[in-house]
Number of protein chains: 2
Amino acid sequence: MATMKDVAALANVGVGTVSRVLNDSGAVKESTRRKVQAAMKELNYIPNAYARGLKMNKTYTVALIIPTIWHPFFSEFAYYVERNLSEHKFKMLLCNSDVSNEKELEYIQMVQENKVDGIIGITYSDLDNFVSSHLPFVTIDRHFKEETVCVTSDNFQAGQLAVEKLVEKGCRKLGYIGTHSRFPSETTKRRAGFVEQAERMNIPYAIYDEMDPVLDLLAGIKTFFEKHPDVDGVFAHTDFIALDILEVLDAMERHVPEEIQIIGCDGIKMEAGRRQIVSTIRQPVDLMAQAAVKKIIELIDGEAVKEKITLPVTYIEGPTTKNNCVK
Amino acid sequence: MATMKDVAALANVGVGTVSRVLNDSGAVKESTRRKVQAAMKELNYIPNAYARGLKMNKTYTVALIIPTIWHPFFSEFAYYVERNLSEHKFKMLLCNSDVSNEKELEYIQMVQENKVDGIIGITYSDLDNFVSSHLPFVTIDRHFKEETVCVTSDNFQAGQLAVEKLVEKGCRKLGYIGTHSRFPSETTKRRAGFVEQAERMNIPYAIYDEMDPVLDLLAGIKTFFEKHPDVDGVFAHTDFIALDILEVLDAMERHVPEEIQIIGCDGIKMEAGRRQIVSTIRQPVDLMAQAAVKKIIELIDGEAVKEKITLPVTYIEGPTTKNNCVK
DNA sequence: CTGTTAGCGCATTCAT
DNA sequence: ATGAATGCGCTAACAG
């Protein structure tokens, strides 16, 4: 592997000059620049990012820590994060925590050893206590402390919007079905928004909300519908829970959307271009990723304002609601 | 950030000794070892992987190049690759090529600069011409040259198995519906296996196979069924195509699986623990990832046999076939 | 404009 | 068993 020294020797210049043409820093005479470039090409020179990183104390690498990439929401998010990072000449180290506190901490150690410039994390430990405050950190859906930069979608609005749509589509009694983590998360506001809007619209509702990990969610959902047979519109905390609800209702021979309508949350798609799997309140995943990358780079460059960024959600019609209503 | 020198100073030893206890190399007196460890803890010492990488010319990093992480097959694969790498103390750099030849080449340049120890790739360019033969490379579903290590599932068997199952379930005339890349891929054998088995079982069949990118696949599928109204069993080249077929048949008011049965291929699941979306021939994604990681590490350690690894596929019953038949 | 030099943090000789 | 010295490839500061 050719090094800068080899290039310098072949071009009959000093290594400083090679560095200058490589980085386009300092002034270099056009003729020497061409000489150097020719030498680089001839030797098939490839700069060594490790040497540069060691010297500069900057690696142009960001770690993305998520529970698991094997999930449409996270994989879409990761896709856009990588794409945005790539556009800024950054690389992405992917870390699957499996929602394990222990693995999260292992990754924190690892990324520090690997001198990542920053971390974008969807995590569930109190990582902020372990990340040196010098390490730029952007969190998603989770507001640790005031000083942490957090990107989230408007979860409260999501709950409100779901109620609005369900009522608009003729529902008379609503249900909220969800689970929540032991740790604080912005997503709990989905339920709050649901409740607030239902109260405001003066529409009756029932709630089934359990803490993760849930042993038998399907059984819980079934019990819920047996207890509340008059519920004809459901807001599910996630699209996956909406799928579970569909399964239960199918087994109970209750038809969706004719008898009961369901709106999920997240707006997951299995791949770009494919449609949502249920009617849903969609998080603007692409914009969230874009915002997260923008923020992390600002933090890295030391020019970021610490703030919480909340992006708006939208309703997307799918197969689990009636679409023959007044819009 | 504390360095080895700081630790050495605090522990009153030389940097060599610190390096020795850190890497458990060479002999160190127990008492000094403890002194050093105490100093490391006190200073909250974190080894610098960039310095080490520069020195050792090894980074414990592998790049995964895939078309897009936003796809259940690739995200499951990436999940298992990362997990297996992680168990071997390796890190994973994720690269989404978007099936763009240009981006693939950019990534190749990038990962070379970043001194990755190896590449696992699901790619569509002739990357082998651009990767220095010194860079360990494991490819999935794509056999470049004899010397390339390739991991794939038994695509031919997949086609055979699908025919077997469809016939077993009572189908009298089969259809194969798929698309294929402009580039050679192991997956084209799915069709070959389908044809071979149908011939052998002496069962009539029709084929619709177009080259990507397809402008209007749904229209093509519709035409196929109009032309072959007697087809009552279909093997789809992928699960996603199976979904498309479902959509078309739904619009044509032909019932699945009562009138027509469909078997997809890949066995995608949206997340761990969730079920397949259609009846399918499943690739052993976890084993493929495991094999790929094992191979790449062997290549890195210079002890790999160059070979093609073919893993068996299995049939998984889903909602698009009749399950009331003799097994 | 350009050549020379001093580290960046670490692993590894080579003496001791 | 351990301390000192060398260099991995690069950038930046300095001297010309």
In whole Å, what is the span from the [atom1] atom of [X] to the [atom2] atom of [N]?
| X | N | atom1 | atom2 | result |
| --- | --- | --- | --- | --- |
| B:Leu10 | D:dG3 | CG | C1' | 17 Å |
| B:Tyr60 | C:dA11 | OH | C1' | 13 Å |
| A:Ile46 | D:dC10 | CD1 | P | 11 Å |
| B:Leu54 | D:dT11 | CG | C1' | 13 Å |
| A:Arg52 | C:dG7 | CZ | C1' | 17 Å |
| B:Met40 | C:dG9 | CE | P | 17 Å |
| B:Met4 | D:dA5 | CE | P | 17 Å |
| A:Tyr50 | C:dA11 | OH | P | 14 Å |

Point to revise | Side-chain N,O (A:Asn48) to OP1/OP2 (D:dC8) below 4.0 Å | key: no
Review point. Does A:Tyr45 make a side-chain N or O approach to OP1 or OP2 of D:dC10 shorter than 4.0 Å?
Key: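 True: A:Tyr45 side-chain N/O within range (under 4.0 Å) of D:dC10 OP1/OP2.
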[X] (side chain) donor-acceptor with [Y] (main chain) under 3.5 angstrom:
| X | Y | result |
| --- | --- | --- |
| A:Asp117 | A:Thr59 | yes |
| A:Lys295 | A:Val305 | yes |
| A:Arg142 | A:Ile122 | no |

Applying a 4.0 Å non-hydrogen cut-off, can you work out what [X] is touching in the nucleic acid: base, sugar-phosphate, or nothing?
| X | answer |
| --- | --- |
| B:Asn57 | nothing |
| B:Met56 | sugar-phosphate |
| B:Ser19 | base |

Check your understanding: In terms of side-chain heavy atoms of A:Ala51, which of D:dT11, C:dC10, D:dG9 is nearest?
Key -> D:dG9
Exercise for review: Classify the ring geometry between A:Phe77 and A:Phe73 as parallel (under 30°), tilted (30 to 60°) or perpendicular (over 60°).
Suggested key: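 Aromatic pair A:Phe77/A:Phe73 classed parallel.
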Check your understanding: For the residue pair B:Tyr50 and A:Tyr50, does the interplanar ring angle fall in the parallel (under 30°), tilted (30 to 60°) or perpendicular (over 60°) class?
Key -> parallel
For nucleotides 2-6 of chain C, give me every protein contact, N/O to N/O, under 3.5 Å, one pair per line with atom names.
unit_1	atom_1	unit_2	atom_2	d
C:dT2	OP1	A:Thr32	OG1	3.2
C:dT2	OP2	A:Lys29	N	2.8
C:dT2	OP2	A:Thr32	OG1	2.9
C:dG3	OP2	A:Gly14	N	2.7
C:dG3	OP2	A:Thr17	OG1	2.6
C:dG3	O5'	A:Gly14	N	3.4
C:dG3	N7	A:Arg20	NH2	3.4
C:dG3	O6	A:Arg20	NH2	2.7

Practice item. Mind checking salt bridge (Lys or Arg N to Asp or Glu O under 4.0 Å) for B:Lys103 and listing every partner two or more places apart, or none if nothing turns up? Key: B:Asp98
Point to revise | Any A:Cys95 side-chain heavy atom under 4.5 Å of A:Met110 side chain | key: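 Touching, per the 4.5 Å side-chain cut-off.
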